[in-house]
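Let me give you the structure first, and then I'll get to my questions.
Please read these numbers as outputs of a predicted model, since none were measured by experiment. Below, each value reflects all heavy atoms present in this structure, side chains not excepted, and no hydrogens, waters or symmetry copies. Note on naming: letters A, B, ... go to the chains in the order of the sequence lines (proteins, then strands), and numbering restarts at 1 for each one.
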There are 2 protein chains.
Amino acid sequence: MFMKIPDCNKPLCFFCRSCQPAWRNLNRINGKKYSFKKGELICKEGELIDGMYFLTSGAAKVHKQWGNAHENIIRFARAGDVLGFRGMSDNTFAISATALEDCNTCFIPNEHVKASFPVNPNLSIQFMQLYANELQLAEMRMNNLANLDVKGRIAGALLSLHQKFGVDNKGHLRLRISRQDIASYAGTTYETLFRVFSIWIAKGIIKTEGKSIKICKLGELKKESDA
Amino acid sequence: MFMKIPDCNKPLCFFCRSCQPAWRNLNRINGKKYSFKKGELICKEGELIDGMYFLTSGAAKVHKQWGNAHENIIRFARAGDVLGFRGMSDNTFAISATALEDCNTCFIPNEHVKASFPVNPNLSIQFMQLYANELQLAEMRMNNLANLDVKGRIAGALLSLHQKFGVDNKGHLRLRISRQDIASYAGTTYETLFRVFSIWIAKGIIKTEGKSIKICKLGELKKESDA
DNA sequence: GCAAAAGTATTATATATATCATGTTTTTAA
DNA sequence: TTAAAAACATGATATATATAATACTTTTGC
C-alpha cells in the first residue's frame with residue numbers, strides 16, 4: 001500500500017506535469033505512492049494532513065459525515081485531480097475522501113510542495129488555475145443546491161458525473177456508483193432519488209441496468225437543471 | 001466613476017500588495033480606478049470580463065439572477081477581496097456583483113495580470129492561496145446548503161456575515177443589509193427568514209433595530225448551524 | 001418635501017420532499 | 001457456499017417551507 005514513486009512523470013500526475021523535467025526526479029525521491037482499494041478511506045476529516053494526494057488512476061468521492069448517518073458528497077475526483085488539503089499549510093481538514101474504485105495516488109509532503117514553487121515558476125500558476133476552475137464549479141454547484149428542486153439537483157448531479165467521467169461504448173456512465181451516493185451528491189435521500197429515476201425511466205430520459213446508468217436524453221436533463 | 005489609479009500600493013489592494021514595489025508603478029499605469037455607488041452593478045453575468053476588480057473599500061454581493069425574480073447570493077466581498085472572473089482567461093462570467101455600500105476598486109486588465117506573473121514570483125502563490133481559502137469556504141457553504149434546515153442556514157449566514165464584516169462598538173453587524181439579501185444568501189425566502197428572526201428575537205438570541213442586527217448569543221447560533 | 005419604490009411585517013394555505021416502514025435483491029466477506 | 005451486510009424497491013404519512021395575499025414603514029430620487 002505504500003512505496004517510493006517509481007515513475008511519475010506521466011501526464012496524469014498534476015504535480016509532476018507542472019514541474020520542470022529536471023525536478024521530477026526529486027518528486028520521485030520525496031513523494032510516496034499509495035494505493036487504495038475500492039471503499040478504502042484516503043483521508044479522514046479531523047486528521048492532520050501534511051501533504052497532497054495526486055490521483056493518477058481510479059475515482060474517489062470527497063465527502064463529509066454528518067452526526068450519525070447522514071453523509072454528503074461534495075465532489076468527485078478522477079485521475080489528474082488533487083485530494084487532501086489545499087494550499088500548503090499543515091492543517092487538519094474538515095473533509096474525508098474515499099476510493100470509489102481502486103486508486104493510485106502520489107503523495108507529496110507539504111515540505112516538498114513548498115520547496116518546489118521557487119524552482120518551478122509554472123507550478124503555482126497551474127495550481128492557481130486549477131483552484132480557480134474548481135472555485136467556479138463550486139459556486140455553480142452552490143447555486144444548484146440553493147435554488148433547484150430535487151429533480152433539478154439530481155439532473156445536475158447526473159450531468160456532472162457525465163461530464164467528469166464520460167460514458168463507455170454502450171453509453172453507460174463510466175463510474176459505477178450507488179444510488180445512495182448519487183442522492184448524497186444531489187443533496188437528497190435515496191427514496192426521493194428512486195422516485196425521480198422511476199419517472200425519468202418511464203419517460204425514456206435515462207435507462208438503468210443494475211448499477212449502470214445511461215443518459216438517453218441529455219437535453220431533457222439540461223432543461224431540468226437550469227429551470 | 002473612472003480614472004487612472006493615483007496611489008494603489010496600500011495594503012488593501014490585493015494585487016499591488018502581492019507585487020514587487022518596483023512593479024507597482026506599472027500597475028498604476030495599466031490599472032483603472034472605478035468607483036461604484038451603493039446599489040450599482042459592478043459586473044454582470046453574461047458580459048465579457050477582461051480583467052479583475054480589486055475591492056479597496058466598501059462591500060459588495062456576488063449573486064446570480066434566476067429567471068424572473070429569484071436571486072441567489074453566492075458570497076459577499078469586502079475590502080481586499082477580488083471580484084470578476086477568476087483565473088486569467090478572457091471570459092464571460094456567469095455571475096454578477098453589486099455594490100452594497102459605496103465601493104472603490106482597482107481594475108486590472110487580464111493582459112497586465114498575465115504580464116505580472118513572470119516578474120512577481122509571489123503573485124501566483126498569493127492568488128493560489130486566496131483561491132484555496134475561498135474554495136474551502138465554498139465547500140463548507142455547499143455543505144450547509146445541502147444539509148442544514150432553514151434555521152441552520154440562516155444561522156450560518158449570520159455567522160458568515162459576523163466573521164466577514166465584524167461588529168461595531170454597539171455589537172451591531174457592520175454591514176447594513178436587507179433581510180431579503182440575508183434570505184437570498186441563506187437560500188430561503190424573506191417570509192421564512194422573518195419567522196425565524198421572530199423566534200430568535202423572542203429567545204434573545206438576536207436583536208434588531210431597523211436594519212441593524214446584533215447577535216446576542218453567538219453560541220446558540222453556532223449550535224443551530226452545525227446540528 | 002413628496003411621490004414612488006423598496007423594504008418590512010404577518011397570516012393562511014398548498015406542496016414538495018423527508019421520514020418511516022417493510023420486503024427483495026445483490027454484493028461482500030468468512 | 002453460506003451468512004451477513006449493503007444496496008435496491010415501493011407505498012403511506014408527516015412536516016418543513018415556499019407561495020400567496022395584504023397592509024404598513026422606511027428609504028430614495030426628483
Counting only N and O atoms by type, is there a donor-acceptor contact under 3.5 Å from the side chain of A:T56 to the main-chain atoms of A:N104? yes

Pick the nucleotide of DNA chain D nearest each of B:K151 and A:G210; which residue has the one closer to the 5' end?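 Checking each residue's closest nucleotide, the 5'-ward one belongs to A:G210.
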
Return the value, rounded to whole Å, for the distance between atom CD of A:E71 and atom C1' of D:dA6.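 It is 14 Å, rounded to the nearest whole Å.
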
Tell me, please, which residues at least two apart from B:K164 pass salt bridge (charged side-chain N to carboxylate O under 4.0 Å, His left out).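 Once residues adjacent in sequence are excluded, the partners of B:K164 under the salt bridge (charged side-chain N to carboxylate O under 4.0 Å, His left out) criterion are B:D81.
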
To the nearest Å, give me how far apart CD1 (B:I154) and C1' (D:dA18) are.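 Atom-to-atom, B:I154 to D:dA18, this comes out as 13 Å.
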
Spacing of B:R179 atom CZ relative to C:dT10 atom P, expressed in whole Å: 11 Å

Extract from the structure each pairing of a protein N or O with an N or O of nucleotides 19-30 of chain C at less than 3.5 Å, listing the distance.
unit_1: C:dC20; atom_1: N4; unit_2: A:E191; atom_2: OE2; d: 3.3

Please state how far atom CG in B:L148 lies from atom P in D:dA16, giving the value in whole angstrom units.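 To the nearest whole Å, that distance equals 15 Å.
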
Which residue pairs pass the salt bridge (charged side-chain N to carboxylate O under 4.0 Å, His left out) test when at least one of the two sits in residues 193-209 of chain B, sequence neighbours left out? none

Report the secondary structure of DNA chain D in dot-bracket form, marking unpaired bases with a dot and bases paired to a different strand with |, and treating Watson-Crick or G-U pairs with both distances under 3.5 Å as paired. ||||||||||||||||||||||||||||||

Quick one: which residue pairs count as a salt bridge (charged side-chain N to carboxylate O under 4.0 Å, His left out) with a foot in residues 146-160 of chain B, not counting sequence neighbours?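 Matches after skipping sequence neighbours: none remain.
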
Starting at NZ of B:K37 and ending at C1' of D:dG29, how long is that distance when rounded to a whole Å?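 Rounding to the nearest Å, NZ of B:K37 and C1' of D:dG29 are 11 Å apart.
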
Under 4.0 Å between any heavy atoms, over every strand shown, what does A:S198 touch: base, sugar-phosphate, or nothing? Just pick one.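 It contacts nothing in the nucleic acid.
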
For A:R141 and A:I74, indicate whether the former's side chain and the latter's backbone hold a donor-acceptor pair under 3.5 Å. yes

Sequence neighbours excluded, which residues qualify as salt bridge (charged side-chain N to carboxylate O under 4.0 Å, His left out) partners of B:E134? B:R75, B:R86

Round to the nearest Å and state the distance from B:Y190 atom OH to C:dA6 atom C1'. 12 Å

How close or far is atom P of C:dA18 from atom CZ of A:F194, stated in whole angstroms? 15 Å

Write out all pairs satisfying ring-ring contact (aromatic ring centres under 6.0 Å, His included) with one or both partners inside residues 190-226 of chain B, taking only residues at least two apart or from two chains.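 For residues 190-226 of chain B, and leaving out neighbouring residues, there are no ring-ring contact (aromatic ring centres under 6.0 Å, His included) pairs at all.
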
The criterion is side chain to side chain donor-acceptor pair (under 3.5 Å); which residues satisfy it with A:T188, sequence neighbours excluded?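 Side chain to side chain donor-acceptor pair (under 3.5 Å) list for A:T188, sorted by chain: empty.
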
Distance check needed: D:dT25 C1' versus B:Q180 CD, whole Å only.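 Going from CD in B:Q180 over to C1' in D:dT25 covers 17 Å.
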
Any pair with a residue in residues 176-185 of chain B that passes side-chain hydrogen bond (donor to acceptor under 3.5 Å, both in side chains), sequence neighbours left out, goes on the list, sorted by first then second residue, please.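 Passing the test, one end in residues 176-185 of chain B: B:K61-B:D181, B:Q180-B:S184.
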
